[in-house]
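Structure, as C-alpha cells:
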Amino acid sequence: MRAALARPAEEVAPDLLGAVLTHETPEGTVSITITETEAYSGAADPASHAYRGRTPRNAVMFGPAGHLYVYRSHGLHWCANVVTGADGIASAVLIRAGRVVEGEDLARERRGDKVESARLARGPGNFCRALGITAEHNGTDLLTDASVALSEGEPVPAALVRAGPRVGVSRAHDWQHRFYLAGDPTVSAYRLSPRAKPSAGA
C-alpha cells in the first residue's frame, strides 16, 4: 500500500475514498470510511503548508509516504492528512469527512449525544474528534502496527467519485483537488473562503 501512496497527492486523493482509518484506544476502537479528501502538494501549490519550504511544523509532509500529518486549524481543530508522494517531496491528502463504521457510541461521546450519525465525522475537525486524533499522532506510520492505521476498504465505483474546488482556502481554491462520493450524506458542504481570489488552475 505504501507504493500506492507514493504518488502525487492529486492522484492518491480519489483513491483514498472508501479506505478506512482506525484508531484503537483504551476507551475503544473507532473506524471511519473516508468519503471526502483534498489534495495538497508542495512548492507548486500556494495553498499547501509546504509552499514556502520545509519547517518544523510541516516536516512530516516531506515523507515518507504513509505517515500521518496532523496540524491545528485556526487554533481550534485538529486536521488529519495522509502523507503521499516521493520521499523528500512535500505532498499530503487532507481527510475532510467520513462515515463511522465501527465504534459509533465512542465517536458520539467525543462529538456529542445529539449529533446525527451522518455528521459525526463530517468536516476535517469533526473527523479528528470522532477518531480521537490529536497532535500526539503527528508522524504516525499508518501502515505499521500503530494504534492509528489506514487500510483498504470496499472498492468505490468510479461513477460515484466527484471532483471540485477545495474548501475554505484563499489561495488556489479553484483547483479541482477536492474529491468526494456523490450523494453521500457524510460529505461536508462546500464553502468558498471570503478571502479567495481567482487563481491559475492546476
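Please read these numbers as outputs of a predicted model, since none were measured by experiment.
Side-chain atoms of T186 and R99 include no donor-acceptor pair closer than 3.5 Å. In this model, no donor atom of one side chain and acceptor atom of the other lie less than 3.5 Å apart for S91 and S41. The closest side-chain donor-acceptor pair between S117 and R108 falls under 3.5 angstrom. The closest side-chain donor-acceptor pair between E36 and S188 falls under 3.5 angstrom.
Heavy atoms only, all atoms of each residue included: A146 and D141 are closest at CB-O, 3.6 Å. V156 approaches G18 most closely through the heavy-atom pair CG2-CA, 3.6 Å. The nearest pair of heavy atoms linking V187 to L181 is CG2-O, 3.7 Å. When all heavy atoms of L68 and A80 are compared, the pair lying nearest together is CD1-CB, 4.0 Å. Taking each heavy atom of L5 and L143 in turn, the nearest pair found is CD1-CD1, 4.1 Å. Nearest approach of L150 to A19, heavy atoms of both residues: CD1-CB, 4.0 Å.
Y69 and Y51 are assigned to two separate hydrophobic clusters, defined by single-linkage of ILVMFWY side chains at heavy-atom distances under 4.5 Å. In the hydrophobic clustering of ILVMFWY residues, with side-chain heavy atoms under 4.5 Å counting as a link, I95 and V12 come out together.
With hydrogens and angles ignored, the 3.5 Å screen pairs no side-chain donor or acceptor of E116 with any backbone N or O of K114. Side chain of R96 to backbone of F127: no donor-acceptor contact under 3.5 angstrom is found. At distances below 3.5 Å, not a single donor-acceptor pair connects side-chain atoms of T37 with backbone N or O atoms of L94. One N or O on the side chain of N58 and one on the backbone of G53 form a donor-acceptor pair closer than 3.5 Å. A donor-acceptor contact shorter than 3.5 Å is absent between the side chain of R110 and the backbone of A107. Side chain of H23 to main chain of L131: a donor-acceptor pair is present (N/O by atom type, distance under 3.5 Å, no hydrogens or angles). Of the possible donor and acceptor atoms, one in the side chain of S48 sits under 3.5 Å from a partner among the backbone N and O of A50.
Classification of the H177-F179 ring pair by plane angle, with boundaries at 30° and 60°, yields parallel.
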What do the steps show when you test E10 against W175 for side-chain contact (heavy atoms from CB on, under 4.5 Å), and what is the final call? CA-CA 10 Å; E10 62 271 21; W175 290 15; over 6 Å; no
What verdict does the side-chain contact (heavy atoms from CB on, under 4.5 Å) test give for R7 and D15, after you've listed the backbone C-alpha separation in whole Å, the side-chain angles of each residue and the deciding distance to 0.1 Å? CA-CA 11 Å; R7 296 177 293 144; D15 290 348; 2.7 Å; yes
One pair to check against side-chain contact (heavy atoms from CB on, under 4.5 Å): V60 and V83. What are the steps and the verdict? CA-CA 7 Å; V60 176; V83 176; 3.8 Å; yes
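Seen from the ring of Y40, R166 counts as a face-on cation partner, given the 6.0 Å and 45° thresholds. A cation-pi arrangement, defined by a distance under 6.0 Å to the six-membered ring centre and an angle within 45 degrees of its axis, is present between R54 and F62. Relative to the ring axis of W78, R129 does not place its NZ or CZ within 45° and under 6.0 Å from the centre.
Using a 4.0 Å cut-off between charged side-chain N and carboxylate O, R2 and D87 make no salt bridge.
Going from atom CG of N81 over to atom SG of C128 covers 8.5 Å, rounded to the nearest 0.5 Å.
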